[in-house]
Amino acid sequence: MSDCLFCKIGNGDIPADIVYKDEQVIVFKDISPKADVHLLMIPRLHINSLNELNAEHSALISHMMLLLPKLAKDQGLEHGFRTIINTGKGGGQEVFHLHIHLMGGTNLPGFNN
Ligand code: 5GP
Ligand code: ZN
């Protein structure tokens, strides 16, 4: 998608602090971190949100899920981490390119602290 912010980060048109990339995904630091560690994982493929996922994306989604604990460990989050996927305006989604928030550290805001 030509005017998608995260597609532009994915193809290098807009700079980001990238911490991991492979042929399927890119992981970069959130520009406005809500925790000590706050990363965003995006697929290189443009998918609007979870609402647009289908069975053809199964391998991609599996790849993303399996990567999360490895990235968390690389970030020093041995004690745990939080993942968030906001979906749709009602779910607080602001950027309509599927992304998983990976958050952790001592400043973790949340549901029960
Ligand atoms: P959402 O609310 O859509 O789940 O989350 C979008 C996230 O993208 C927000 O946490 C916001 O801080 C982050 N964000 C928005 N624009 C940029 C940007 O240009 N660069 C980076 N690295 N993060 C961004
Ligand atoms: Zn996109």
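Throughout, residue positions are numbered sequentially from 1 according to the sequence presented. Counting convention: from 1, in listed order, for ligands and their atoms alike.
Aromatic ring centroids of His97 and His99 lie 6.0 Å or more apart.
Among residues two or more places apart in sequence or in another chain, the side chain to side chain contact (heavy atoms under 4.5 Å, CB included) test is passed with Asn51 by Ser49, Thr87. Among residues two or more places apart in sequence or in another chain, the salt bridge (Lys or Arg N to Asp or Glu O under 4.0 Å) test is passed with Asp22 by none.
When each of Leu40, Asp17, Val19 is paired with Phe28, the side-chain contact (heavy atoms from CB on, under 4.5 Å) condition holds for Leu40 and for no other.
When the Zn ion (ligand 2) is compared with the N/O/S atoms of His97, atom ND1 turns out nearest. Looking only at N/O/S atoms, His46 comes nearest to the Zn ion (ligand 2) through ND1.
Note on residues 57-77: no pairs pass salt bridge (charged side-chain N to carboxylate O under 4.0 Å, His left out), not counting sequence neighbours.
A distance limit of 4.0 angstrom between heavy atoms and ligand 1 selects the residues Leu5, Phe6, Ile9, Phe28, Lys29, Asp30, Ile31, Ser32, Lys34, Leu40, Asn86, Gly92, Gln93, Glu94, Val95, His99, His101.
Judged by distance alone, the side chain of Gln75 and the main-chain N or O of Leu77 form no donor-acceptor pair under 3.5 Å.
Residues His38 and Asp36 bring no donor and acceptor atom of their side chains to less than 3.5 Å of each other.
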